[in-house]
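My questions will all concern the structure given below.
In what follows, chains are A, B, ... by sequence order, proteins preceding strands, each numbered from 1.
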Amino acid sequence: MDNRLIVSSSPHLRADDSINRIMRDVVIALLPATLAGIYFFRMGAVKVILAAIIAAVVTEAVIQKVRKQPVTINDWSAVVTGLLLAFNIPATAPWWLPVIGSIFAIAIVKHTFGGLGHNFMNPALAARAMLLASWPVPMTNWVTPGADAVSTATPLALISGTEAAGQALPSMVDLLIGNVGGCIGETSAILLILGGVYLIFRGVITPRIPVIYISTVAVLTFVLGGGFSLQYMIYQVLAGGLMLGAFYMATDYASSPVTPKGQVIYALGCGILTSIIRLYGGYPEGVSYSILLMNVAAPLIDKYTSPRVFGEVK
Amino acid sequence: MGFLSFRGGVHPPHFKEATTRLKVEKAKEPAVVTIPLQQHIGAPCEPIVKVGDQVKVGQKIGETSAFVSTPVHSSVSGTVKQIARMLTPTGEAVCIVIESDGLNTVHENVIPKGDISNLSGKEILSIIKDAGIVGMGGAAFPTHVKLSPPPEKKIEEIVLNGAECEPYLTADHRLMLENPDDIIYGLKAMMKVLNVTKAYIGIEDNKPDAIESMKRAVEKESGIQVVGLHTKYPQGAEKQLIYACTKKEVPSGGLPMDVGVVVNNVGTAAAIANVIKTGMPLVERIATITGKGIKDPKNLLIKIGTPFKEIIEQCGGYNGNPGKVIMGGPMMGLAQYTDEIPAIKGTSGILVLSQEEARLPEPKPCIRCGKCVEICPAFIQPLYISAYALQNMHETAEKYNALDCIECGSCSFICPSKRPLLQSIRVSKREIIAKKRKTK
């Protein structure tokens, strides 16, 4: 034989799957909600989304170049981070806000901790928390969807009565399709669910985290929200960042537990914290802080939920 | 029909279409055979012939007194040309090279042993041992050892493995279609040895014709049940197969006999039937020669000791430049350095991958997707064990139950980052075991 055979340890067959495919699938899943965000919030949304994505990709490339690592911007992971961050920013924000957020997400949260797979928190959410603490006013400058945007409050702020009392609550249908005030990507519940179902169907995520997270919030707001109101519960589930958080943020691989049992505990924790913050906290919205808190607990949860080994005798 | 299964596992593409409908053909007579004295797990044999000796088909040419070992026999009649260390599919071993005279004169000891109804369990066991029968699924563990459990272990049932969960391979499938009666005969012989009345034959549901064929063959047998298994890799892994058939979990670190079960391959059963009926020891076996790198894939009945090269030539030769030559299936098979090695008792198949298929993927960072944890049939956490293994932290890897790994390769298969999960866990396992030996 004139050519040399390749010799390696088994298995010799690999699944047709890759980081690129997974990240690309997340972008595809987010596409309908992205288009809806652009439809509802017009040029403001386009500006924020582009600024966030470009800043994220450029930051990743620069850091990897400087550190003489292979540049991996074509694995789509920076695009996902940028897009998710943009989803968490109102369309009225100035262009530099998403840029600073993306740089923080990629440089601080992702790369100082070891890059892809090593971030201890969801980079987009950590950046959102940073922006919200640093620039609270532009980060909460909500407007009504459409061309003639006027100042408004988010539906959650309206029902919790923290601001803009007297404004009419948007209808359930508006809430479902996203015709309400809020961040660019967290308004259209139905399109976010559609993308989430796509991710489950493609095997990118399991239903475990989103289903348990959303059900926990549903049950707790129904029981503790006062009056066992079904309408209030549905409102809590559809409004705000719950869909975005449950399907796309809490399921971030690096910052969630890997064990199935751990994922159940983690999702329950997210649901409980979100409900407590929404019902009893000062903020109308609690999704991002609950996920960040549970992110930090994930390694501990993993440690205590090691699966029982096949045949293990306890 | 409700199909039985285990928890975890993956769904690799089957790749069985190329040979699944092809009858087993008898391979061309080899002119020279190279028979390794170690083709099995356990102690190697000592040669009992000398260079220049005349040997016949079925003649014992190597044996040992060690219990965990098994004799080897000549697969041709002819002259012993050389006894030397040579390359075999499982590493270097002493081999006996025999030049065939083309006559295939059968040795005088090769005579029918009678019927299982007249033979005692002890007699059958010694026939199996003398015939050099090993596990035909690929691991080649001496069968007589499996059939001699210590007296305190009460064996209740036998599970016969017809799952053939490795992609590409169809040797067991064809055997179940073409020779179901021998499988049942051999199974009954094993049942007699172990004095059990219950047996299962587990077959994956991607082989409905094999399930049918085996069901017909056991129609009149009371204690034998053919069970359809969900098609999922590694359905044919010993512990997973036992779980699927009997819902018993072999304890961690234990053996099937700890739950009163003995597992054997359908090919092993057929080999046992063959030696009882004809007296011919294990000198040939069915193998699937397949893959994109083979022009004309086939199921062949090959003589032990036939060079891979000759077998591949009979299948039309290589299709382009081969990338990888694997003995066995793609999930657990052994990649070979050369095709100038002999087929051995454990050669369930020869798989040739094209250069494109063989190219090693470049590992990317672990993204903690948790897929390896989700699918691990041993319920361990490959990502952590592998990470510690790669840092040479083998004690920590052991704490994460590295030794429970069954080396099925599902984790490496599923990993989107193409990380060498099993490959590194395997290194850790060897280190841990080596250290244990030293401290003993």
For this session: Could you please spell out the steps behind the side chain to side chain contact (heavy atoms under 4.5 Å, CB included) verdict for B:R7 and A:F310?
Result: CA-CA 10 Å; B:R7 212 181 87 205; A:F310 185 94; over 6 Å; no
For this session: Calculate, to the nearest 0.5 Å, the distance between atoms CD and CD belonging to B:E374 and A:Q263 respectively.
Result: 6.0 Å
Problem set entry | Closest approach of B:G409 to A:P11 (non-hydrogen atoms, all atoms of both residues) | O-CG, 3.4 Å
Exercise. Which heavy atom of B:Q423 sits nearest a heavy atom of A:R14, and at what distance?
Worked result: NE2-NH2, 3.4 Å
Exercise. Going from OG on B:S412 to CG on A:L13, what distance comes out if it is rounded to the nearest 0.5 angstrom?
Worked result: 11.0 Å
Exercise. Can you name the closest pair of heavy atoms from B:P322 and A:L5 and give their distance?
Worked result: O-CD2, 3.9 Å
Exercise. When you check the side-chain N and O atoms of A:S306 and B:Q381, is any donor under 3.5 Å from an acceptor?
Worked result: yes
Problem set entry | Shortest non-hydrogen contact between B:L360 and A:S8, atoms and distance | CD2-OG, 3.6 Å
For this session: Determine the option with the most heavy-atom pairs under 4.5 angstrom with chain A, choosing from B:G333, B:P377, B:P12.
Result: B:G333
Exercise. Which atom names give the shortest non-hydrogen contact between B:I414 and A:A15, and what distance separates them?
Worked result: CA-CB, 4.2 Å
Problem set entry | Pairwise distance OH(B:Y337) to CD1(A:I6) - rounded to 0.5 angstrom | 13.0 Å
Problem set entry | A:K303 atom NZ: more than 12 heavy-atom contacts under 6.0 Å | no
Exercise. Quick one: of A:V258, A:T251, A:I22, who has the most non-hydrogen atom pairs under 4.5 Å with chain B?
Worked result: A:V258
Seminar exercise, completed: Separation between NE2 (A:H12) and CD (B:E357), nearest 0.5 Å, reads 12.5 Å
For this session: Check each atom of A:T206 against the heavy atoms of chain B and say whether the ones under 4.5 Å are side chain, backbone, both or neither.
Result: side chain
For this session: Name the member of B:R359, B:M332, B:H11, B:E407 that forms the most heavy-atom pairs with chain A at distances under 4.5 Å.
Result: B:M332
For this session: Select one option (side chain, backbone, both, neither) describing which atoms of B:P365 are under 4.5 Å from chain A's heavy atoms.
Result: both
For this session: Keeping the roles fixed (side chain from B:R368, backbone from A:S256), state whether a donor-acceptor pair exists under 3.5 Å.
Result: yes
Problem set entry | Greatest number of heavy atom pairs closer than 4.5 Å to chain A - which of B:I326, B:I380, B:N401 | B:I326
Problem set entry | Under 3.5 Å: donor-acceptor pair, side chain of B:R426, backbone of A:S10 | yes
Exercise. So, do B:P416 and A:R21 sit near enough that their side-chain heavy atoms are less than 4.5 Å apart?
Worked result: no
For this session: Decide yes or no for A:S9 and B:L422: does some side-chain heavy atom of the first lie under 4.5 Å from some side-chain heavy atom of the second?
Result: no
Seminar exercise, completed: Counting heavy-atom pairs under 4.5 Å with chain A, the top scorer among B:C369, B:C408, B:A358 is B:C369
Problem set entry | Side chain proximity check, B:K364 to A:L116, heavy atoms < 4.5 angstrom | no
For this session: Return yes when atom NZ of B:K16 has more than 12 non-hydrogen atoms of other residues, nucleotides or ligands closer than 6.0 Å, and no otherwise.
Result: yes
Problem set entry | Residue, of B:P13, B:G370, B:A335, B:G253, that accumulates the most heavy atom pairs under 4.5 Å with chain A | B:A335
For this session: Looking only at non-hydrogen atoms, find the nearest pair between B:I367 and A:Y253 and report the distance.
Result: O-CB, 2.9 Å
Problem set entry | Proximity breakdown for A:P70 and chain B, heavy-atom pairs closer than 4.5 Å | neither
